[in-house]
Amino acid sequence: MNVFENGRSIDLMSVLDNKEWRSHYQERLKIKYPTAIIVSIKLNIPGPIKSSPLLKDSYNFGLRDIKQYLKQFKIVYERFFIENTTGPEGFLAVLGDLKAVKLATISFEETSPIGRLFDIDIMAEQNEQQLSRRSLGYRARTCFICDKDAKTCIKQGVHTLESGYDAINKICTIYMKKQITISKQSQDQIVRAAMTALLYEVSLNPKPGLVDPVSNGAHSDMTVFTFIDSSLSLQQYFNEAYAISHDFSGDDLTVMFETLRQLGVRAEAKMCGATHGVNTHKGAIFSLGILISAIAYGTKIGGVTVNDLQKIITKMTVNLVQHDFKNLYKKKQKLTAGEQQYQQYRLPGIRGEAAAGFPIVMDMALPFLLKSVGSTSQRLLDTLMKIASSIVDTNLIKRAGSPDILTELKQWSATYFELGGSQTSAGITYLKKLDVEFVQRHLSIGGTADNLISTVFLARLVGGI
Ligand SMILES: CC(C)(COP(=O)(O)OP(=O)(O)OC[C@H]1O[C@@H](n2cnc3c(N)ncnc32)[C@H](O[C@H]2O[C@H](COP(=O)(O)OP(=O)(O)OP(=O)(O)O)[C@@H](O)[C@H]2O)[C@@H]1O)[C@@H](O)C(=O)NCCC(=O)NCCS
Ligand SMILES: Nc1ncnc2[nH]cnc12
């Protein structure tokens, strides 16, 4: 997730003008609400980009939290300027003790994962000075990169803007993932969501090089019917994956994963039986199996956040990359594309994705899909191309014969979005053109399709599609 994406840079003059405007606004509120405490809430974002769609989302989520921290006080006025190019900000007038209000906002700053990005000023008509953290015995705000005094780091220019952006991205990504919760659902609901995801993905058109109801893309051995047969053959596996994980009571989640893998071997064989030997869903068997297993385990008692789901998955797959890729040179059988690419380029492929907790799906594609607008088809096409912007698709690399193809994939994705994506006829025409090019060059983005399947599955479970 890049929270600065689609953000516009502003100049120093605008920042200074905004500061003056804020100060006047505060003064006016102090006069209008002489017995209230005025709370100014803005984001603390270094650099020229102060606003973007995701920064506005982060602000809105944080605001909801701040109001929770202030719930014991009566709010008599509130006004927010979310669209300000200088960054979202707003004002509250609350009735209560100045110190108590300040302590509540400090508590938000210190305990909420997104609190560090917020700058909250408290003032009242009777107090000339703003109440500071220090005056209440708290240390000054810390730098979100190195944890030292923020003011010193800023003054001395200790960090690059890039490292600041990285830190902000991390804070926002974790925070957003904590906001997405998969509630406890029945085995049937989970399995249905997996089946839905498989069928939605193959029904989507136009996809570059992939199979859909209109075209077989760059796959001469598959049609949409092969995918329907393949999908239906997996229903029992999904049920089993859920059952073994729901019943798992040990602490070592790699044991649960090992059991799952044995089911996966059988599911792959069943898929091959249903498709007459064609690999339609090998990646999806692996990824959806892990997701179902982690959800079944994580929702035994109640809901699980996407952040916690990721933690479960990384515990399940902690040894996966080392285990699967050790001694490849001794292997008698022909190496798979994934193994061969690890040996040649050190690309960890789908195993690496799993071991990292599927970051493309959970950090990027899921929040993107949940926020996307338009018809189901438009939302899924945009999500597919979003995934294409950062995936290391080993299926594509295998077809192209080199990882250099990833640079082209990034560019295709960027051009698609520059043209307006699925919302414009230019974007759709471009996808159709890409499909023709993929077929001519015998390219396919099977890994990207698998990531879309995982994303739709999760979105379905959180009611986002
Ligand atoms: C770990 C396993 C999934 C398998 O590993 P393996 O080494 O056998 O496979 P990989 O080559 O690593 O590829 C795995 C499939 O994952 C998809 N994928 C690729 N990149 C990513 C990514 N970044 N994130 C997620 N998923 C990704 C991709 O699947 C799609 O492509 C399929 C078509 O591929 P292919 O068979 O090569 O067919 P074609 O392109 O048509 O080539 P030709 O036929 O023309 O030559 C399509 O089905 C999509 O699903 C990769 O294929 C797992 O199987 C495993 O654990 N294996 C170890 C043994 C085992 O325990 N097996 C039991 C199963 S749990
Ligand atoms: N629609 C599709 N076409 C080709 N390979 C895929 N793997 C997963 N979905 C696919």
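All heavy atoms count here, side chains included; hydrogens, waters and symmetry mates do not. Both counts, for ligands and for their atoms, begin at 1 and track the order of listing.
For ligand 2, the atoms closer than 4.0 angstrom to any heavy atom of A449 are 8 (C), 9 (N), 10 (C). Close contacts of ligand 2 with H219, meaning ligand atoms under 4.0 Å from a residue heavy atom, involve 4 (C), 5 (N). Close approach to G338 involves these atoms of ligand 1, each under 4.0 Å from a residue heavy atom: 10 (P), 11 (O), 12 (O). Proximity to H219 (heavy-atom distance under 4.0 Å) selects the following atoms of ligand 1: 41 (O). Within the listing of ligand 1, atoms 11 (O) sit less than 4.0 angstrom from a heavy atom of A337. Atoms of ligand 2 lying under 4.0 Å from at least one heavy atom of T280, given by number and element, are 7 (N), 8 (C).
Looking at heavy atoms from C-beta onward, V436 lies in side-chain contact with Q440 at the 4.5 angstrom threshold. When side chains are defined from C-beta on, T86 counts as touching I10, because their heavy atoms get closer than 4.5 Å. Proximity of S112 to I66: side-chain heavy atoms (C-beta onward) are nowhere separated by under 4.5 Å. Between T448 and L396, the closest side-chain pair of non-hydrogen atoms is not below 4.5 Å.
Nearest to atom 22 (C) of ligand 1 by heavy atom, out of I445, I285, T448, N451, is N451. Nearest-heavy-atom check against atom 49 (C) of ligand 1 across V211, I290, D393, D450 picks out D450. Taking all heavy atoms of M222, R399, E201 into account, the minimum distance to atom 41 (O) of ligand 1 is reached by R399. Ranked by closest heavy atom to atom 64 (C) of ligand 1, the top entry among Q262, E268, Q340 is E268.
The distance criterion of under 3.5 Å between nitrogen or oxygen atoms is met by R351 with respect to ligand 1. For ligand 2, the polar-atom distance check against V211 finds a nitrogen or oxygen pair separated by under 3.5 Å. Taking only nitrogen or oxygen atoms, main chain and side chain alike, H281 does not reach within less than 3.5 Å of ligand 2. Note: no N/O pair closer than 3.5 Å links G349 and ligand 1 by distance alone.
Of the protein's non-hydrogen atoms, T336 OG1, 3.5 Å is the one closest to atom 6 (P) of ligand 1. Looking only at protein heavy atoms, the nearest one to atom 37 (O) of ligand 1 is K398 NZ, 2.3 Å. Regarding atom 2 (C) of ligand 2, its nearest protein heavy-atom neighbour is F227 CZ, 3.5 Å. At the top of the distance list for atom 56 (O) of ligand 1, counting protein heavy atoms only, stands R261 NH2, 2.6 Å. Here the protein heavy atom with the shortest distance to atom 32 (C) of ligand 1 is N279 ND2, 3.7 Å. Shortest contact from atom 61 (O) of ligand 1 to any protein heavy atom: V265 CG2, 3.8 Å. For atom 8 (C) of ligand 2, the closest non-hydrogen atom on the protein side is D450 OD1, 3.5 Å. Nearest protein neighbour of atom 9 (N) of ligand 2, counting heavy atoms only, is E201 OE1, 2.7 Å. Looking only at heavy atoms of the protein, atom 13 (O) of ligand 1 is closest to T394 OG1, 4.2 Å. Of the protein's heavy atoms, I350 CD1, 3.4 Å lies nearest to atom 16 (O) of ligand 1. Atom 9 (O) of ligand 1 has K282 NZ, 3.4 Å as its closest protein atom, hydrogens excluded (heavy atom only).
Under the 3.5 Å distance criterion, with hydrogens and angles disregarded, no donor-acceptor pair is assigned to the side chains of E258 and Q262. A donor and an acceptor atom, one from each side chain of Q411 and T415, are located under 3.5 Å apart. For the residue pair N18/E89, the side-chain donor-acceptor check at 3.5 Å is satisfied. For the residue pair S454 and N451, no side-chain donor N or O sits within less than 3.5 Å of a side-chain acceptor on the partner. A donor-acceptor pair shorter than 3.5 Å cannot be found between the side chains of R351 and Y342. A side-chain N or O of R116 and one of T142 form a donor-acceptor pair less than 3.5 Å apart.
Just one of F108, F144, Y175, Y69 meets the ring pair (Phe, Tyr, Trp, His ring centres under 6.0 Å) condition when paired with F118; it is F108.
With respect to D382 and K386, no salt bridge is recorded, no charged nitrogen being found less than 4.0 Å from a carboxylate O.
Ring planes of Y59 and F80: perpendicular class, angle over 60° (limits at 30 and 60°).
A donor-acceptor contact shorter than 3.5 Å is absent between the side chain of R8 and the backbone of S51.
If you take CE on M362 and CZ on F358, they are separated by 7.0 Å, rounding to the nearest 0.5 Å.
Looking at I391 against ligand 1, only its side chain comes within 4.0 Å, counting heavy atoms. With a 4.0 Å cut-off on non-hydrogen atoms, T280 touches ligand 1 through its backbone and not its side chain. The proximity of H281 to ligand 1, defined as any non-hydrogen pair under 4.0 Å, is limited to the backbone.
Closest of all the heavy-atom pairs between A218 and V439 is N-CG2, 4.0 Å.
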